[in-house]
Q: 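Have a look at the structure that comes next, please.
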Amino acid sequence: MLQRKSDFREVKRLALELGFETIGVTPAIPIPEAIKAYKEWLGIGYHAEMHYLADHELLKLDPKTLLPSAKSAIVMSLNYYQEPQTPLKIARYALGRDYHKVLRNKLKTLSKQLTAQYPDAEFRACVDSAPILERSYAHLAGLGWFGKNTMLIDSKRGSWFFIGILLTSIEFEPDQPSEGGCGTCRKCIEACPTGAIVNINDRWQIDSRQCISYQTIEKKGELGVDTHGWVFGCDICQEVCPFNQTRESQPFRSVTTDVEDFQLQRQFPTLLELANISHADWDALTQGSAIRRTGYEGLKRNAKAAIERESSQ
Ligand code: B12
């Protein structure tokens, strides 16, 4: 049964109370344009050694593989912006508690609250690792549009936000997709020091093999590019984006997150200490943090590369 717009207003109210900033809904059906873009990206090998992305390809085509009764994708954004507070070059998204845990808890709370109103409804929370093309559902649900840096950009808020999706068997009236674009701006393309932002068939894509974020987080073994001092992730293509620059007329851009879990919680060692960190200290430093993903050897490797770069300059 199709719920009215007014019923979704209540979902929005609950999600806002949990700290989400923008909330929209779109049908949980395959998106042909997104599938085309994704297949093209995999076909060229832009996923580098993230083999799980290719393995998930079939699942990614239809959200019903994740929740067979799915009718709607409720899509939400959560701001993680903060000024860098450590001399180490660590991407802002990874400074606090692991966002997978934070978002998943919020989505689970929301699904419990909605169960009280819709006792027969089914839910499935998706954050990053679930095989679903999050940015495309977020676009259709009205949360933003695709920037040249491939980030989903909200014209009012910029791009420093995570996306969380709650698939549900409840059928809500869909929102409208976001409209907007980068125009002639090429700031991110020019700023990316490794040339990772590429244009294929009139579509901007990230060649992960060149992307510092990929190299410092996902790449195993030796680094394949100059990581320009980044120890974990990379924020360059967002830092230079005009939609992330605050102005009096744009009070919601790059506002420090009020999600306590995302704020810097740990004391980071110096580069030199990090390059020689013991396994026990690495274990303590990365507990509950997204930084753990790159592993003990990976984090030391990144720190060593940053030191070598500093000393060669
Ligand atoms: C793999 C991955 C990466 C890879 C590859 C990045 C990439 N651009 O593809 C690496 C490791 C490099 C990476 C880096 C980062 N990531 Co990442 N990553 C993902 C992941 C798991 C899958 C992305 C994917 O499928 N890529 C393949 C390409 C083809 O898909 P896409 O980028 O979504 O692009 C879509 C559009 O091009 C679209 N499209 C194009 N034209 C059109 C036209 C129409 C009409 C439509 C409908 C669609 C469409 O179709 C594509 C498929 O949906 C998602 C989570 C998820 N499950 O979706 C997070 C995700 C994209 N990452 C995220 C973040 C925060 C980051 C970093 C900022 C982290 C950091 N600071 O280091 C960087 C940013 C780098 C960048 N510029 O993208 C956020 C982005 C939030 C946002 N506001 O956009 C996500 C959504 C995670 C989350 N849950 O919040 N990431």
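Whatever order the structure lists them in is the order used to number ligands and atoms, beginning at 1. What's counted below: heavy atoms across the whole structure, side chains too, no hydrogens, waters or symmetry copies. Here the structure is a predicted model, which is why all the values come from computation and not from measurement.
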Q: Evaluate the criterion salt bridge (Lys or Arg N to Asp or Glu O under 4.0 Å) for residue pair Asp207 and Arg209; output intermediate values, then yes/no.
A: CA-CA 5 Å; Asp207 178 351; Arg209 297 166 301 191; 2.9 Å; yes

Q: Quick check on ring-ring contact (aromatic ring centres under 6.0 Å, His included): which of Tyr80, Tyr81, Phe162 does Phe262 satisfy it with?
A: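 Considering Tyr80, Tyr81, Phe162, a ring-ring contact (aromatic ring centres under 6.0 Å, His included) with Phe262 is found only for Phe162.
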
Q: Which atoms of ligand 1 sit under 4.0 Å from any heavy atom of Tyr93?
A: 69 (C), 70 (C), 71 (N), 72 (O)

Q: For ligand 1, indicate whether the residue Ile197 contacts it via side chain, backbone, both or neither (heavy-atom separation under 4.0 Å).
A: neither

Q: Quick one: which of Gly147, Cys211, Ala91 has a heavy atom closest to atom 12 (C) of ligand 1?
A: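 Result: the heavy atom closest to atom 12 (C) of ligand 1 is in Cys211.
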
Q: Assert yes or no for the condition that the ring centre distance of Phe20 to Phe161 is strictly below 6.0 Å.
A: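 Ring centroids of Phe20 and Phe161 are no less than 6.0 Å from each other.
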
Q: Please confirm whether the ring centroid of Tyr93 lies under 6.0 Å from the ring centroid of Tyr99.
A: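 Yes, they do, as the ring centres are separated by less than 6.0 Å.
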
Q: Give yes if a backbone or side-chain nitrogen or oxygen of Tyr214 is under 3.5 Å from a nitrogen or oxygen of ligand 1, and no if not.
A: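 Looking only at distances, the answer is no, because the N/O contact criterion of under 3.5 Å is not met.
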
Q: State the atoms of ligand 1, each with its element, that fall below the 4.0 Å cut-off from a heavy-atom position in Leu53.
A: 1 (C)

Q: For the residue pair Gln313 / Glu310, report whether a side-chain donor-acceptor contact shorter than 3.5 Å exists.
A: no

Q: In terms of atom number and element, which parts of ligand 1 are under 4.0 angstrom from non-hydrogen atoms of Phe161?
A: 81 (C), 82 (C), 83 (N)

Q: Under a 4.0 Å heavy-atom limit, does Gln205 contact ligand 1 with its side chain, its backbone, both, or neither?
A: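 It is the side chain that touches ligand 1; the backbone stays farther off.
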
Q: Among protein heavy atoms, which sits nearest to atom 53 (O) of ligand 1, and what does the distance come to when rounded to 0.1 Å?
A: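 So the nearest neighbour among protein heavy atoms is Ser136 OG, 2.6 Å.
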
Q: With the threshold set at under 4.0 angstrom, would you say Ser77 reaches ligand 1 through any of its heavy atoms?
A: no

Q: Can you tell me which residue among Leu114, Thr109, Ile23 is in a side-chain contact (heavy atoms from CB on, under 4.5 Å) with Leu14?
A: Leu114

Q: Ser208 and Trp41: which non-hydrogen atoms are nearest, and at how many Å?
A: OG-CZ2, 3.6 Å

Q: To check your reading of the model: name the closest protein heavy atom to atom 68 (C) of ligand 1, its residue, and the distance in Å.
A: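 For atom 68 (C) of ligand 1, the nearest protein heavy atom comes out as Gln238 NE2, 3.4 Å.
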
Q: Going by the atom numbers of ligand 1, which of them fall below 4.0 Å from some non-hydrogen atom of Ala130?
A: 57 (N)

Q: Heavy atoms only: give me the nearest Leu107-Leu166 pair and the separation to one decimal.
A: O-CD1, 3.9 Å

Q: State the atoms of ligand 1, each with its element, that fall below the 4.0 Å cut-off from a heavy-atom position in Ala34.
A: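 Those qualifying, in numeric order: 50 (O), 52 (C), 53 (O).
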
Q: Using heavy-atom distances only, which candidate in Asp154, Thr26, Asp128, Ile35 approaches atom 21 (C) of ligand 1 most closely?
A: Asp128

Q: Quick one: nearest non-hydrogen protein atom to atom 31 (P) of ligand 1, plus distance?
A: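 Checking every protein heavy atom, the shortest distance to atom 31 (P) of ligand 1 gives Arg135 NH1, 3.8 Å.
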
Q: If hydrogens are left out, which of Tyr80, Trp41, Tyr99, Tyr52 has an atom nearest to atom 65 (C) of ligand 1, that is, the closest non-hydrogen atom?
A: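 Shortest heavy-atom distance from atom 65 (C) of ligand 1: Tyr80.
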
Q: With heavy atoms only and a cut-off of under 4.0 Å, state how Leu152 meets ligand 1: side chain, backbone, both or neither.
A: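 Both parts.
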
